[in-house]
There are 2 protein chains.
Amino acid sequence: MLEVRRLRLLAELAARGTLAEVAEALHQSPSSVSQQLGQLEREVGVPLLTKAGRRVQLTAAAEVLVEHTTEILARLEAAEAAVTALGDETAGTVRVAVFQSVALAYMPQALADLTRRHPRLRVMLSQRAPEQALHDLALRELDLVVAEHYPDHGAPHFDGLDRRPLTTDRLRLALPPRGSGAIWDDITSLAEAGCVPWAMEPPGTASRHWIEEQCRRAGFEPEVRYETDDVEAHVALVESGNAVALLSDLMRVRHRTAVRLIELPGSPRRTVFTATRTAIADSPGIIACRAALARVVPADLVLPT
Amino acid sequence: MLEVRRLRLLAELAARGTLAEVAEALHQSPSSVSQQLGQLEREVGVPLLTKAGRRVQLTAAAEVLVEHTTEILARLEAAEAAVTALGDETAGTVRVAVFQSVALAYMPQALADLTRRHPRLRVMLSQRAPEQALHDLALRELDLVVAEHYPDHGAPHFDGLDRRPLTTDRLRLALPPRGSGAIWDDITSLAEAGCVPWAMEPPGTASRHWIEEQCRRAGFEPEVRYETDDVEAHVALVESGNAVALLSDLMRVRHRTAVRLIELPGSPRRTVFTATRTAIADSPGIIACRAALARVVPADLVLPT
DNA sequence: AGTATCCGTAAGCAAACCTGAAGGGTCGCG
DNA sequence: CGCGACCCTTCAGGTTTGCTTACGGATACT
């Protein structure tokens with residue numbers, strides 16, 4: 001009988017690309033992974049890996065095996081979830097990742113709510129960009145993710161993921177407060193923000209991609225002078241009269257900022273959703289976490305400008 | 001992550017009943033099985049076994065786990081079959097079981113055909129009663145089974161089995177040759193065989209159950225004086241003028257017997273089929289074996305009386 | 001009551017696994 | 001073009017895991 005542990009190594013290799021990465025992800029030495037895969041190859045009697053430069057490439061047979069393995073791993077996880085669900089109380093540990101504004105605005109309250117209701121449930125929270133978080137979720141490094149979806153921007157798709165909307169929040173342009181200087185005060189729409197410095201998230205994020213697209217549609221290429229994934233820094237840069245930036249309502253939940261807000265064309269809203277793997281979607285820990293989030297986060301986030 | 005090897009032990013326990021039987025089936029010591037199940041119990045954190053007299057009983061949680069495990073094992077097997085199917089040649093080993101008349105009439109030829117076409121395919125053949133064979137097939141102790149199905153007699157059902165008809169053969173009553181004695185010569189139908197000794201297979205077999213039912217419908221309870229699962233012995237007992245017996249055409253393929261044959265009411269036919277587990281139904285070894293059987297066994301067995 | 005069967009625990013032992021070091025090959029950069 | 005960085009593999013080693021035997025408690029059958 002094929003060993004699932006070995007099959008898993010192959011699946012991880014397919015997902016991560018190099019044998020060294022697999023080893024690091026599973027906290028093993030590359031040597032061990034190599035040996036195990038060699039053993040698997042010997043067992044099935046069909047070559048699974050071919051050398052490709054200094055890396056390895058999966059053969060067609062290996063791809064077939066990976067396909068089955070994905071199913072098997074999901075089923076194994078589902079089995080574990082199902083049987084722990086039969087236990088008396090929601091316990092165990094759930095690894096959650098959220099992006100910054102949710103972490104700041106709602107997680108303290110959500111966590112307090114969770115530990116009060118389920119003292120034996122251990123929640124490990126990490127802050128992670130949505131794209132990375134979904135990726136790690138698919139790789140079973142996380143159990144629950146709060147991610148975002150910008151309008152008309154195809155969110156990355158991963159198989160076996162269970163997504164549920166959490167809330168939506170308005171996206172606006174944030175300008176320095178009135179009196180910070182004429183160049184800011186003259187701006188009354190996005191189209192007029194072509195000649196001022198911007199603060200944006202790093203390239204590769206959905207946020208960056210989306211706002212750049214909006215700028216181009218408005219007729220200009222933004223001058224990105226400040227680049228950071230810390231949205232709090234964006235706010236600080238705008239408040240202090242150094243830049244304009246995209247600002248979502250989620251960031252304004254904790255403390256009202258002095259920034260000036262301008263509606264974007266079409267009053268766009270970002271969708272915030274939770275995601276987990278389908279195999280564990282019914283496990284008590286996941287259900288409890290989602291419920292806590294739903295209690296804490298308003299279904300429709302509407303803040304006065 | 002749950003170890004599949006341990007889960008398998010639990011599944012086998014569910015199928016076999018006692019921990020000792022599981023150990024024997026997997027060629028291990030009962031102690032080992034007990035330890036592994038204990039480990040599994042510790043891992044899931046939920047009790048899986050309760051003492052029931054000197055045996056153990058599965059808890060509801062364990063049953064859930066078994067259900068998932070069955071799926072996982074099937075998938076694992078399918079993965080292995082799929083990847084070996086990609087290999088250049090049909091090789092490996094297939095464990096086949098057939099019942100007596102097929103073993104005698106057709107297997108020598110079928111085996112010769114197989115080893116000629118696929119020299120690297122190793123076939124392990126055993127002779128086994130259909131009920132037992134199907135049972136062992138479901139338990140993964142066999143890979144391919146040739147079994148029978150009597151008309152109006154519900155064949156035992158096992159999940160995950162792939163059945164395909166192989167042939168049908170006529171069922172008749174066999175009497176001693178003319179001249180063996182008046183008590184035999186006077187019989188011209190089943191209804192008149194109520195006061196003569198019978199040779200039958202042991203109770204619990206489909207054959208026994210079916211012919212007894214036919215006798216009762218004909219208005220008598222048969223006197224079973226000779227009981228053996230060796231159908232060749234039935235023939236010998238009939239030929240030598242000691243009994244009457246049910247005789248299928250399959251038994252007459254090799255050598256014509258001197259027995260006298262009488263049609264049964266409705267000219268009933270038995271169905272002979274091959275069965276394998278769905279997970280491995282597409283593996284080259286299984287396909288090759290089934291093909292060899294189909295070549296050797298006529299689709300419809302019709303022998304002159 | 002006696003016996004056989006079954007499950008669980010303890011201790012010794014063998015196999016499997018993982019680690020670390022060394023080697024060969026490839027890619028990228030100066 | 002040479003060097004370093006990176007990656008995979010092999011080999012020898014220690015450690016963990018799992019298996020086996022032996023023993024004891026409990027239960028069913030005769």
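Letters A, B, ... are given to chains in the order of the sequence lines, protein chains preceding strands, and every chain is numbered from 1.
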Span of DNA chain C engaged by chain B, first through last nucleotide within the 4.0 Å heavy-atom cut-off, is dA4(C) to dA10(C)
Side-chain (Arg208(A)) to main-chain (Glu201(A)) donor-acceptor, under 3.5 angstrom: yes
Arg54(B) atom CZ is separated from dT27(D) atom P, nearest whole Å, by 11 Å
side-chain contact (heavy atoms from CB on, under 4.5 Å) against Gln36(A), all qualifying residues, sequence neighbours excluded: Arg5(A), Arg6(A), Leu9(A), Ser32(A)
Hey, are Arg16(A) and Glu141(A) close enough for a salt bridge, meaning a charged N less than 4.0 Å from a carboxylate O? yes
Minimum-distance pair of heavy atoms, taken over all atoms of Val98(A) and Ala103(A): CG2-CB, 3.5 Å
Please name all residues satisfying salt bridge (charged side-chain N to carboxylate O under 4.0 Å, His left out) with Glu21(A), sequence neighbours left out, ordered by chain then number. none
With heavy atoms under 4.0 Å as the rule, sort Thr18(B) into base, sugar-phosphate or nothing. sugar-phosphate
Per the under-4.0 Å heavy-atom filter, residues of residues 35-49 of chain B near DNA chain C come out as Gln35(B)
Any side-chain to backbone donor/acceptor pair from Thr59(A) onto Pro47(A)? Under 3.5 Å, distance only. yes
Which residues, if any, of residues 2-17 of chain A bring a heavy atom under 4.0 Å of DNA chain C? Arg5(A), Arg6(A)
Would you say His135(B)'s side chain and Phe158(B)'s backbone share a donor-acceptor pair under 3.5 angstrom? no
If I take atom CD in residue Gln57(A) and atom P in nucleotide dC8(D), what distance separates them, rounded to the nearest angstrom? 13 Å
Heavy-atom donor-acceptor pair, Arg95(A) side chain to Arg140(A) backbone, under 3.5 Å: yes
Sorted by chain and number, sequence neighbours left out, side-chain contact (heavy atoms from CB on, under 4.5 Å) with Ala82(B) holds for Val64(A), His68(A)
Please compare Glu21(B) and Ser29(A) by the position of their nearest nucleotide in DNA chain C and report the one closer to 5'. Glu21(B)
Rounding to an integer number of Å, can you tell me how far Leu19(A) CG sits from dC8(D) P? 5 Å
Roughly how far apart are Leu49(B) CG and Leu10(B) CG, rounded to 0.5 Å? 6.5 Å
The salt bridge (charged side-chain N to carboxylate O under 4.0 Å, His left out) partner of Arg277(B) among Asp282(B), Asp159(B), Asp136(B), Asp143(B) is Asp143(B)
Would you say dT9(D) has OP1 or OP2 under 4.0 Å from some side-chain N or O of Ser31(A)? no
